[in-house]
Protein chains: 4
Amino acid sequence: MKQVKSRVKDTRLVDEKRKRIVDGAIKVFTKKGYHKATVRNIAEASGLGLGSIYDYVKSKDDILYLFYQNYMNSFYAKLNSADIQLEDDPKKRLLITYRAHIDVCFELEDQVMLAFTQARYMKKRYLKDILTREAEIVAKFKEILLEIGLSDGEADLTANNLVSSSAFGVLRRWNLKGKHTREEITDFLCDVNLKSAMER
Amino acid sequence: MKQVKSRVKDTRLVDEKRKRIVDGAIKVFTKKGYHKATVRNIAEASGLGLGSIYDYVKSKDDILYLFYQNYMNSFYAKLNSADIQLEDDPKKRLLITYRAHIDVCFELEDQVMLAFTQARYMKKRYLKDILTREAEIVAKFKEILLEIGLSDGEADLTANNLVSSSAFGVLRRWNLKGKHTREEITDFLCDVNLKSAMER
Amino acid sequence: MKQVKSRVKDTRLVDEKRKRIVDGAIKVFTKKGYHKATVRNIAEASGLGLGSIYDYVKSKDDILYLFYQNYMNSFYAKLNSADIQLEDDPKKRLLITYRAHIDVCFELEDQVMLAFTQARYMKKRYLKDILTREAEIVAKFKEILLEIGLSDGEADLTANNLVSSSAFGVLRRWNLKGKHTREEITDFLCDVNLKSAMER
Amino acid sequence: MKQVKSRVKDTRLVDEKRKRIVDGAIKVFTKKGYHKATVRNIAEASGLGLGSIYDYVKSKDDILYLFYQNYMNSFYAKLNSADIQLEDDPKKRLLITYRAHIDVCFELEDQVMLAFTQARYMKKRYLKDILTREAEIVAKFKEILLEIGLSDGEADLTANNLVSSSAFGVLRRWNLKGKHTREEITDFLCDVNLKSAMER
DNA sequence: AATGAATGAGCATTCATTCAT
DNA sequence: TATGAATGAATGCTCATTCAT
């Protein structure tokens with residue numbers, strides 16, 4: 001993970017302020033997208049002075065990267081939670097992992113949209129880093145699928161599909177909202193995307 | 001479909017120049033995204049003078065809308081092609097329609113990425129229009145699924161899933177490129193996403 | 001001579017506008033120095049819109065370089081004037097060349113001050129270019145001195161001294177103004193700095 | 001001499017810290033010039049905390065003034081040294097004074113460049129003060145020249161010329177370095193600029 | 001109809017200075 | 001006395017849009 005440089009050295013302070021910056025940025029990015037969001041907007045939304053932002057971040061680019069780091073962390077935290085790790089049966093573990101992933105997507109609705117749409121604006125070296133972290137999540141799924149007995153090729157495609165399809169409810173919310181509940185959608189996704197793995 | 005206003009009145013001319021503008025814009029948008037693309041860039045890429053752009057389009061926003069119109073038309077053209085319409089068996093029609101949709105996604109790879117990521121930057125009234133057109137494509141799938149015998153709820157979710165999943169190979173090209181062929185991916189998608197419909 | 005890039009291609013126009021920019025810049029630089037001069041100030045002083053400046057110049061740095069080019073040209077023009085070139089006797093040619101150089105310094109008083117004090121702010125590659133052009137002027141003096149019969153070492157030191165001392169009246173104007181006329185100063189300089197060469 | 005105000009009252013402490021500030025500032029100014037040097041840079045270079053600078057100095061301007069005071073003091077110290085004062089013969093005194101002045105210039109090479117180029121950035125009232133101090137040095141030379149028998153006008157011009165020409169080796173170091181030794185240059189300057197005074 | 005020169009609003013970023021600790 | 005976190009005014013530069021030719 002690349003380290004974002006900061007003028008301020010006190011780690012505690014840096015973490016706290018960056019949290020505020022990211023939270024503010026999410027609000028602004030959600031409303032306007034990365035480009036139309038001005039650093040001033042973000043400063044206001046995070047309750048910091050314009051200049052102070054630059055004590056914790058070297059450029060606007062860094063804020064986007066900070067967002068992605070925070071975003072990926074949310075998935076890591078959930079997928080590494082105790083109850084998932086403890087499940088021995090790979091099929092059951094696959095199911096709860098997938099549902100957990102879908103859950104996070106629903107909970108971070110706006111962030112999922114941002115993550116999907118703003119990636120292109122990240123600096124190359126940052127993007128590479130984030131894609132690497134995402135690949136680790138795919139690997140988690142693939143590992144379970146191999147355990148269940150899928151071939152490497154199948155496992156790879158399926159793992160990618162699981163990660164990708166989790167966002168279905170969010171990416172198509174415009175079409176689905178009001179017609180289908182979150183639970184309905186989750187069940188549908190599990191049904192469709194886990195079927196072949198479960199039948200092994 | 002909203003009409004984009006143009007200073008020039010000769011329809012033939014307008015169509016030809018707009019085609020060039022959209023083609024140029026796609027190149028530039030693909031490289032830089034909508035925001036970083038300047039109207040100058042687009043003018044150069046399309047072989048028009050900077051000022052001339054504004055004879056065929058009222059603002060930069062219009063160019064994005066023009067792109068989306070062109071993009072949606074590509075899907076319409078393919079999904080309305082004779083051989084699909086002529087197929088009587090709904091299951092077979094479903095299959096070839098889905099494959100056709102996936103095909104277009106692979107062919108318009110860059111445009112699919114653009115469509116997914118730049119939608120937020122369209123003016124509200126334009127966005128609504130494009131979403132309506134997209135809904136028509138979903139409706140096409142839903143219609144076949146109802147014919148096959150799915151309930152309205154199932155058909156709706158499934159239709160959305162088919163349209164959404166078609167872009168899988170493109171949206172995750174970073175992870176899939178080099179490991180899986182286009183055909184493999186297509187077969188995998190058909191297998192996973194059409195299974196329950198086919199089993200009716 | 002490095003070429004400053006310009007968006008506008010019409011040479012006639014570029015020359016005219018750049019002339020205005022340099023003239024405006026001299027006024028502003030003279031009052032505030034390079035750094036405190038804002039591009040906005042320069043735009044106003046030259047009667048151009050802020051944005052237009054950047055049609056003729058790529059950055060503020062370029063304006064400084066343009067000034068130095070213009071400054072060096074003034075010396076070239078004077079030192080290459082017909083009456084100087086036609087003089088056959090090297091001692092006489094030395095005298096009129098030196099007086100001409102001093103003359104230009106007095107005439108371009110403000111520019112001389114700028115040239116002396118702002119050089120450090122030029123981009124390295126530009127600075128090198130300007131120093132090369134200045135070296136050519138020194139070489140002009142050296143050539144005459146060699147013709148008169150000075151050794152290479154003497155000629156080199158003397159040539160540098162002549163170029164350097166020409167600005168005496170300007171660099172010390174704070175102390176000399178009101179006490180000594182321009183002619184007095186010129187005669188004094190010729191007396192002191194040409195004496196040994198003339199005595200050969 | 002204008003007094004720079006300081007929040008701290010302990011004179012001993014003030015002097016010591018200001019010395020460090022000036023020393024640090026010279027390093028930074030030399031590398032970047034006054035304007036590009038940030039107070040942070042100076043704080044780091046002088047080993048003080050950013051805020052502490054403002055305990056000893058009221059503004060960045062003051063630091064520049066402090067530099068000039070320190071710079072002028074270097075000349076005073078040298079020109080008032082015992083062996084110069086003790087010399088009775090005015091011609092000999094003139095010679096050793098001029099050589100001493102040239103010596104200081106060579107030794108304070110970087111500071112000489114700074115002094116020449118950054119004067120414009122000093123606050124008016126400070127600049128006036130420094131120019132007054134410089135005038136005192138000119139007066140020292142003038143006094144000797146009058147003693148030797150030059151007219152007031154000659155003495156004034158010559159005195160200014162001596163002070164001004166001392167920096168020749170430094171101001172033109174780009175052209176002279178590698179070709180002429182410090183001694184050669186010094187001898188040359190004495191030869192040229194003292195000749196008429198010595199011939200009285 | 002076609003062109004590109006002109007414009008200024010808008011933005012990221014820097015930095016002198018203040019002030020709470 | 002010493003420190004450095006906080007601030008926002010100020011500035012270089014970009015770019016959509018207009019308009020004279």
Side-chain angles (χ1 to χ4, degrees), chain A residues 6-10 13-14 17 35-44 47-63, chain B residues 6-10 13-14 17 35-44 47-63, chain C residues 6-10 13-14 16-17 35-43 47-63, chain D residues 6-10 13-14 17 35-44 47-63:
Chain A
S6 126
R7 197 195 305 288
V8 176
K9 291 305 165 208
D10 176 352
L13 195 55
V14 170
K17 293 296 169 73
H35 263 102
K36 288 208 177 166
T38 70
V39 178
R40 254 188 187 73
N41 294 153
I42 297 171
E44 276 157 27
L48 289 181
L50 170 56
S52 308
I53 296 274
Y54 288 89
D55 285 337
Y56 298 98
V57 131
K58 279 203 22 176
S59 74
K60 195 185 167 190
D61 293 306
D62 283 353
I63 301 179
Chain B
S6 138
R7 184 167 300 139
V8 177
K9 291 309 166 204
D10 176 349
L13 194 56
V14 170
K17 293 296 171 77
H35 263 102
K36 289 205 178 169
T38 69
V39 177
R40 240 192 193 78
N41 292 155
I42 297 171
E44 276 155 26
L48 289 183
L50 170 56
S52 311
I53 296 272
Y54 287 87
D55 288 335
Y56 298 99
V57 129
K58 280 206 18 178
S59 75
K60 195 186 167 190
D61 294 307
D62 285 353
I63 300 178
Chain C
S6 126
R7 199 198 304 290
V8 176
K9 291 305 165 210
D10 177 352
L13 194 55
V14 170
E16 184 223 315
K17 292 299 168 72
H35 262 103
K36 286 207 180 167
T38 69
V39 177
R40 267 182 182 77
N41 294 153
I42 297 171
L48 289 181
L50 169 59
S52 309
I53 296 275
Y54 288 89
D55 285 337
Y56 298 98
V57 130
K58 279 202 21 173
S59 73
K60 194 185 168 191
D61 293 307
D62 283 354
I63 301 179
Chain D
S6 137
R7 185 166 300 139
V8 176
K9 291 308 166 204
D10 176 350
L13 194 55
V14 169
K17 293 297 170 77
H35 263 102
K36 288 205 177 169
T38 68
V39 177
R40 240 194 194 77
N41 293 154
I42 297 171
E44 275 156 27
L48 288 183
L50 170 57
S52 310
I53 296 272
Y54 287 87
D55 288 335
Y56 299 99
V57 130
K58 280 206 18 176
S59 75
K60 195 185 166 191
D61 294 306
D62 285 353
I63 300 178

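Below, chains carry the letters A, B, ... as their sequence lines are ordered, and counting in each starts from 1.
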Query raised in the report: When you match D:G47 and B:K36 each to their closest nucleotide on DNA chain F, which lands nearer the 5' end?
Result: D:G47
Return the nearest nucleotide to the side chain of [X]; candidates are [options].
X	options	answer
B:S52	E:dT7, E:dA12, E:dA2	E:dA2
D:Y54	E:dT17, E:dA6, E:dA2	E:dT17
A:S59	E:dT13, F:dA2, E:dA2	E:dT13
A:V8	F:dT17, F:dA5, F:dT1	F:dA5
C:R40	F:dC13, E:dT14, E:dA5	F:dC13
D:L50	F:dG12, F:dG4, F:dT1	F:dG4
C:D55	E:dA6, F:dT1, E:dA12	E:dA6

[X] near the nucleic acid: base, sugar-phosphate alone, or nothing, with a heavy-atom cut-off under 4.0 Å?
X	result
C:A43	nothing
A:T38	sugar-phosphate
B:R7	nothing
D:K9	sugar-phosphate
D:K58	nothing

**Report entry** 5'-most by nearest nucleotide on DNA chain E - C:L13 or D:H35
**Finding:** C:L13
Query raised in the report: Given that both distances must come in under 3.5 Å, which nucleotide forms a Watson-Crick or G-U wobble pair with E:dA1?
Result: none
Report summary line: Applying the 3.5 Å cut-off to both distances, the Watson-Crick or G-U partner of F:dA6 turns out to be E:dT17
Report task. First locate atom CZ of B:R7, then atom OH of B:Y54, and finally report the distance between them rounded to the nearest 0.5 Å. Result -> 10.5 Å
Report task. Can you measure from OG (A:S6) to NZ (A:K58) and round to the nearest 0.5 angstrom? Result -> 11.0 Å
Length of the line joining [X]:[atom1] and [N]:[atom2], which is rounded to integer Å:
X	N	atom1	atom2	answer
D:I42	F:dG4	CD1	P	16 Å
D:L48	F:dG4	CG	P	11 Å
D:I53	E:dT18	CD1	P	14 Å
D:K60	E:dT18	NZ	P	15 Å
D:D62	E:dA16	CG	C1'	13 Å
B:N41	E:dG4	CG	P	15 Å

**Report entry** Sub-4.5 Å side-chain heavy-atom contact between B:I53 and B:I63
**Finding:** yes
Query raised in the report: Do C:L13 and C:Y56 have side-chain heavy atoms sitting under 4.5 Å apart?
Result: yes
Report task. For D:D55 and D:S52, test the side chains for any donor-to-acceptor distance below 3.5 angstrom and give the result as yes or no. Result -> no
Query - side-chain N/O B:K17 vs E:dA2 OP1/OP2, d < 4.0 Å - result: yes
Report task. Could you pull out the closest heavy-atom pair between B:K60 and B:H35, with the gap in Å? Result -> NZ-O, 3.4 Å
